[in-house]
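These numbers were taken from a predicted model, which means no experiment stands behind them.
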Amino acid sequence: MTKLLVVATNNPGKLREMQAYLANSGWQLTLKPEELEIEETGKTFAANARLKASQTAQITGQWAIADDSGLEVDALNGAPGIYSARYGTSDPDRIARLLKELGNAVNRQAQFVCAIAIARPDGTIALESESICRGEILHAPRGKNGFGYDPIFYVPEKQLTFAEMSQELKKSISHRGKALKTLIPHLAHLN
């Protein structure tokens, strides 16, 4: 029997990405109600993921999954960090701001961080995971896939940006992919 898992996001790209990871898990993902807005008041990715999962579960009365993820750039002391999604009004705007603030800095090391929490219908946290993917920031965007900062996040071992990778490759090495892979074996035991 397929169980419903409400994804605490209005981002259909994030929903598609999560559904790809959780295919064959027995869970059917759906977006949270559009009118449900949860203020991210946590000071860490993990705190925000717990907050969004818990509140979404309580309000919908369903199991809920939330992730909080973002980009931390070493030369910017970890910025944009938990403010990654609010660093501008659109993906191109966020990328432009980041590149401007980074300027010609030699140190372009960065990491994507993803914290995921799954909450029971009563809002208690059942599972959580956190993972990172190290890389560096390019001087200009490359690639057409993905979303967010993917066109400027370069993974040296693969010699590609996230936006240049196939969905399968990105899935196997990304911060979200690694965090979800940690949770998948435990999903069958949730009830």
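- Gln111 is not listed as a side-chain neighbour of Val73, based on a closest heavy-atom distance of 4.5 Å or more.
- Nearest heavy-atom pair, Asp93 versus Gly88, reported as atom, atom and distance to 0.1 Å: OD2-CA, 3.2 Å.
- Looking at Ser54, its side chain does come within 3.5 Å of a backbone N or O of Gly123 through a donor-acceptor pair.
- A heavy-atom distance below 4.5 Å is not found between the side chains of Met165 and Lys171.
- No cation-pi contact links Arg94 to Tyr87, judged by a cut-off of 6.0 Å to the six-membered ring centre and 45° from its axis.
- Note that CD1 of Ile137 is 9.0 Å distant from OH of Tyr149, once rounded to the nearest 0.5 Å.
- Across all non-hydrogen atoms, the minimal contact from Gly70 to Phe45 is N-CE2, 3.5 Å.
- Of the candidates Asn145, Leu138, Val155, Leu138 is the only one forming a side-chain contact (heavy atoms from CB on, under 4.5 Å) with Thr161.
- Side chain of Asp91 to backbone of Gly148: a donor-acceptor contact under 3.5 angstrom is found.
- In this structure, the side chain of Ser84 engages the main chain of Gly81 through a donor-acceptor pair within 3.5 Å.
- Grouping the Ile, Leu, Val, Met, Phe, Trp and Tyr side chains by contacts below 4.5 angstrom, directly or via other members, places Leu31 with Leu22.
- Taking CG of Leu5 as the reference point, atom CG of Leu29 lies at 5.0 Å (rounded to 0.5 Å).
- Hydrophobic clustering (ILVMFWY, side-chain heavy atoms < 4.5 Å, transitive): Leu76 and Leu99 are in one cluster.
- Residues Lys3 and Gln28 fail the side-chain proximity criterion, which asks for heavy atoms closer than 4.5 Å.
- The aromatic rings of His175 and Phe112 lie parallel to each other, with less than 30° between the two planes, well short of the 60° mark.
- Under the 4.5 Å side-chain heavy-atom criterion for Ile, Leu, Val, Met, Phe, Trp and Tyr, Phe153 and Ile95 are members of the same hydrophobic cluster.
- You'll find the side chain of Leu98 reaches within 4.5 Å of the side chain of Leu71, heavy atoms only.
- Both tests pass for Lys170 against the ring of Phe147: distance under 6.0 Å to the centre and angle within 45° of the axis.
- Separation of atoms CD (Glu136) and OH (Tyr154) is listed at 7.0 Å; rounding is to 0.5 Å.
- Lys52 places a side-chain N or O within donor-acceptor distance of the main-chain N or O of Asp67, the cut-off being under 3.5 Å.
- Residues Ile82 and Leu51 do not share a hydrophobic cluster, clusters being chains of Ile/Leu/Val/Met/Phe/Trp/Tyr side chains in contact below 4.5 Å.
- A single hydrophobic cluster is seen to contain both Trp27 and Leu15, as judged by linkage of ILVMFWY side chains at heavy-atom distances under 4.5 Å, directly or through other members.
- Residues Pro33 and Asn10 come closest through the heavy atom pair O-OD1, 4.1 Å.
- Across Ala117 and Ala53, no two heavy atoms sit closer than the pair O-CB, 3.5 Å.
- In terms of heavy-atom proximity, Ala49 sits nearest to Ala115 at CB-O, 3.5 Å.
- Distance CD1/Ile38 to CG/Asn48: 10.5 Å, rounded to 0.5 Å.
- Arg120 and Thr124 form a side-chain donor-acceptor contact under 3.5 Å, judged by distance and modelled atom types alone.
- Between atom OG1 of residue Thr30 and atom CD1 of residue Ile65 there is a gap of 13.0 Å, rounded to the nearest 0.5 Å.
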Enumerate, atom names and distances included, each donor-acceptor pair closer than 3.5 Å involving a side-chain atom of residues 178-185, sequence neighbours excluded.
{"residue": "Lys178", "atom": "NZ", "partner": "Ile132", "partner atom": "O", "Å": "2.8"}
{"residue": "Lys181", "atom": "NZ", "partner": "Ser172", "partner atom": "O", "Å": "3.0"}
{"residue": "Thr182", "atom": "OG1", "partner": "Lys178", "partner atom": "O", "Å": "3.0"}

Report the C-alpha distance between Val113 and Asp68 in whole Å, list the side-chain angles of each, state the deciding distance to 0.1 Å, and finish with yes or no for side-chain contact (heavy atoms from CB on, under 4.5 Å). CA-CA 8 Å; Val113 178; Asp68 196 39; over 6 Å; no
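- When all heavy atoms of Ser174 and Cys133 are compared, the pair lying nearest together is C-CB, 4.2 Å.
- Considering only heavy atoms from C-beta on, Lys32 stays 4.5 Å or farther from Gln62 through its side chain.
- For Asn24, there are no side chain to side chain donor-acceptor pair (under 3.5 Å) partners two or more places apart in sequence or in a different chain.
- Of the possible donor and acceptor atoms, none in the side chain of Ser129 sits under 3.5 Å from a partner among the backbone N and O of Ile116.
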Under the criterion salt bridge (Lys or Arg N to Asp or Glu O under 4.0 Å), I'd like the reasoning laid out for Asp74 against Arg134: C-alpha separation, chi angles, the key distance, then a yes or no. CA-CA 11 Å; Asp74 294 2; Arg134 292 289 299 169; 3.0 Å; yes
Chi angles and distances behind the side-chain contact (heavy atoms from CB on, under 4.5 Å) call for His139, Arg108: CA-CA 9 Å; His139 290 274; Arg108 302 187 79 81; 3.3 Å; yes
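- Looking at Glu128 and Ile118, their side chains never come closer than 4.5 Å, going by heavy atoms from C-beta outward.
- Residue Asp122 places its CG atom among more than 12 non-hydrogen atoms of other residues, nucleotides or ligands, all under 6.0 Å distant.
- Phe162 has its side chain out of reach of Pro151: every pair of non-hydrogen atoms, C-beta onward, lies at least 4.5 Å apart.
- Atom CG in Leu4 sits 12.0 Å away from atom CH2 in Trp63 (nearest 0.5 Å).
- Gln167 CD: 12 or fewer foreign heavy atoms inside a 6.0 Å radius.
- Remark: side-chain polar atoms of Glu72 are not paired, donor with acceptor, to backbone N or O of Ala79 under 3.5 angstrom.
- The side-chain contact (heavy atoms from CB on, under 4.5 Å) search around Arg86 returns Glu40, Tyr83, not counting sequence neighbours.
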